[in-house]
Amino acid sequence: MLRSVFRYCSALALLPALLAFLAAGSVAQTTASEPIRIKIVGGLADVSQFVRYEEPFWRDHIREVSGGRIVAEIAPFDRSGIRAQEMLALMRLGVVPFGTALLAVVSNEEPEFNAVDLPVVNPDMAALRRTVALYRPHLEQLLAERYDVELLAVYTYPAQVIFCRDRFSGLSDLAGRRIRTSSVGQSDMFAALGATPVVIPFAETLAAVRSGVVECAVTGTLSANAIGLHEATTYMHSMAITWGLSMFGANRAAWAALPEWARTLIRRELAILERQIWDATEVETVDGFACNAGLPSCAGGRRGQATIVAGSTADQQRRLRLLTETILPGWVRRCGEPCVEAWNRYLAPALGVTARPD
C-alpha cells in the first residue's frame, strides 16, 4: 500500500515537467475527418535506436502507412522530465499513455521483469532471442495485471560490455576498480568480482569516467561510441554482460480508445519495427567494437583506439559461476517465490539452470 501511495505521489510531482510535451493530449481526434494524434515517450536520446528507428517510425512512417489518419509525436524519455524509475507508474495513471520502460531500471521496483536480461544470462544474440521469446508471455501478463499496460513491443540495445581507462586482461583484473553499473544485478556481479559498483545514469557515464568517479563502465558497444566513451577508455571486454532491453506499451484505456483499425495497423507496424531494431542490434554490436577499436570495418560511429580484450576460457567459467552462485540467488532474494516459479516455468528448461528459494 505504501509503495502504491509513493508511486502515485511521485508521479503527480512530475506532472509539471510532462505538461510541456503532453499538454495537447496524447490521444486526440476532434472529428472523424481529422487525424488521430498520439504522443509517445520513447527510449534514450541520441543513440541509434531512437535516432534511426523509433523517431522516424513515429514521426514519418506511421503517418505514411495510415494515409495521414494517424499523426504521432515522440520525445525521448530522458529529455521529457521523466525519471525512468517512474515510467510504469505514469503509464498506469495514464499520464504517459504510450511509453518505453527500460527493464533494468524498472526492475529496481519490480525485479521479476528483469529475469530475461539478468547479467551473463545471454552471452550472444541467439541466446537473447530465445530467452525473450520464452519469457514474453509472462511480461505481457505482469504488465497487464500490475500496471494496466498493453505490451506492444520489446526492443534491445547492442550488447553492454565493460570499458576501462586502464589495461585489464580479463574479469579477474577488475577487482578493486570502481565500475559504472546501471542495475542491481550488474552491481551484484561486480561486487562478487571484488570491484566497487557505482550506479550512474547513462547520460552521466562519460563525465564520471573522465572525472575519475569510476575507472570502468558497462554500457552498449555503439551507444558508448555515440557519447564519446571511446575517447576516455582504452580497453573493452568482448563478453556481453547485459543487453539493455526495453518494453514499449500503452495504457490499456488509451489503447482501447483507439479505433480497431488503428490498433491493428500500429501492432502490425510495431512488429516490423521490433524486428528491424533487433536485426540492427546484431550489426551495431559488432560495429561498436569495430569503431571503438578503430578498425577499417567501422561504419556507424567514430574510430577510437581501444584494445578489445577477448573472453578467455577462465572468463567463461567465471561467467557461469557468477550466474549460479551470485546473479540468480541475488535476484531470488530481491524477488521472492513468484520469481522462482516464473524462472523455473519459463526459462529453466531451456537454460538448464534452476532457481531455488532463498
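Note: hydrogens, waters and symmetry copies are ignored here, and every other heavy atom, side chains too, is used.
Side chain to side chain, T326 and D188 fail the donor-acceptor criterion of an N or O pair below 3.5 Å. Side-chain contact, H230 with Q305: no donor N or O sits under 3.5 Å from an acceptor N or O. Residues R165 and T233 bring no donor and acceptor atom of their side chains to less than 3.5 Å of each other. Side chains of E284 and T221: a donor-acceptor N/O pair is absent below 3.5 angstrom, by distance only. No donor-acceptor contact under 3.5 angstrom links the side chains of Q85 and E109, judged on distance only. In this model, a donor atom of one side chain and an acceptor atom of the other lie less than 3.5 Å apart for E110 and Y147.
By the 6.0 Å and 45° rule, R69 stacks over the aromatic ring of W261.
L273 and I74 fall within the same hydrophobic cluster, defined by Ile, Leu, Val, Met, Phe, Trp and Tyr side-chain heavy atoms under 4.5 Å apart, directly or through other members. Cluster membership check: M236 does not share its hydrophobic cluster with L222, using side-chain heavy-atom separations under 4.5 Å among Ile, Leu, Val, Met, Phe, Trp and Tyr. L295 and V161 are members of different hydrophobic clusters when ILVMFWY side chains are connected at heavy-atom separations under 4.5 Å. Under a hydrophobic clustering in which Ile, Leu, Val, Met, Phe, Trp and Tyr are joined whenever their side-chain heavy atoms come within less than 4.5 Å, directly or via other members, V286 and Y235 fall into different clusters. Note: the hydrophobic cluster containing F190 also contains V213 (ILVMFWY, side chain heavy atoms under 4.5 Å, direct or indirect links).
D287 contributes a side-chain N or O that, together with a main-chain N or O of G300, makes up a donor-acceptor pair within less than 3.5 Å. A donor-acceptor distance shorter than 3.5 angstrom exists from the side chain of N225 to the backbone of R302, with no hydrogens or angles considered. For the pair N344 (side chain) and R356 (backbone), a donor-acceptor distance under 3.5 Å is absent. When atom types are taken as modelled, the side chain of R52 and the backbone of A280 share no donor-acceptor pair closer than 3.5 angstrom. With hydrogens and angles disregarded, a donor-acceptor distance shorter than 3.5 Å links the side chain of R178 to the backbone of G212. Put simply, the side chain of E269 never gets that close to the backbone of V65: no donor and acceptor are under 3.5 Å apart. Panel note: side chain N251, backbone M91; a donor-acceptor pair is recorded below 3.5 Å. At least one donor-acceptor pair closer than 3.5 Å links the side chain of R180 to the backbone N or O of V218.
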Discussion item. As a quick check of understanding, evaluate salt bridge (Lys or Arg N to Asp or Glu O under 4.0 Å) for R83 and E86, giving each step before the final call.
Written reply: CA-CA 6 Å; R83 294 178 66 236; E86 300 293 345; 3.3 Å; yes
Practice prompt. I would like to know whether R210 and E231 meet salt bridge (Lys or Arg N to Asp or Glu O under 4.0 Å); could you show each step before the answer?
Written response: CA-CA 9 Å; R210 281 180 168 166; E231 298 173 349; 3.4 Å; yes
Item to complete: Apply the test salt bridge (Lys or Arg N to Asp or Glu O under 4.0 Å) to residues E112 and R146: give CA-CA distance (whole Å), side-chain angles for both, the deciding distance (0.1 Å), then the verdict.
Response: CA-CA 12 Å; E112 195 167 349; R146 297 183 187 178; 2.8 Å; yes
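How far CD of E215 is from CD1 of I179: 8.5 Å, rounded to the nearest 0.5 Å. For the atom pair CG (D279) and CD (E274), the distance works out to 10.5 Å, reported to the nearest 0.5 Å. Rounding to the nearest 0.5 Å gives a distance of 9.0 Å between CG of D173 and CG of D315. Distance check, rounded to the nearest 0.5 Å: OG of S246 to CZ of F50 gives 12.0 Å. Atom OG1 in T181 sits 8.0 Å away from atom CD1 in I200 (nearest 0.5 Å). D60 contributes atom CG, which lies 8.5 Å from atom CD of E55 (distance to the nearest 0.5 angstrom).
At least one side-chain heavy atom of T281 sits under 4.5 Å from a side-chain heavy atom of W243. Counting heavy atoms from C-beta outward, Q276 and F57 have side chains that stay 4.5 Å or more apart.
Within the structure, no pair that satisfies the ring-ring contact (aromatic ring centres under 6.0 Å, His included) test touches residues 205-225, not counting sequence neighbours.
For R345, there are no side chain to side chain donor-acceptor pair (under 3.5 Å) partners two or more places apart in sequence or in a different chain.
No option in T264, I70, I38 other than I38 meets the side chain to side chain contact (heavy atoms under 4.5 Å, CB included) test with L258.
In summary, the aromatic rings of Y53 and W58 are positioned with their centroids too far apart to meet the 6.0 Å limit.
Heavy atoms only, all atoms of each residue included: M247 and L139 are closest at SD-CD2, 4.2 Å. Across every non-hydrogen atom of L206 and A232, the tightest pair is CD1-CB, 3.8 Å. Minimum heavy-atom separation, C291 to G301: SG-N, 3.4 Å. Smallest separation of non-hydrogen atoms from Q160 and S182: OE1-OG, 4.2 Å. Pairing each heavy atom of L323 with each of P329, the nearest pair is O-CD, 3.8 Å. Contact record, W278 with V154: NE1-O, 2.8 Å, taken as the closest heavy-atom pair.
The aromatic rings of W255 and F98 sit perpendicular, their planes meeting at an angle over 60°, well past the 30° parallel limit.
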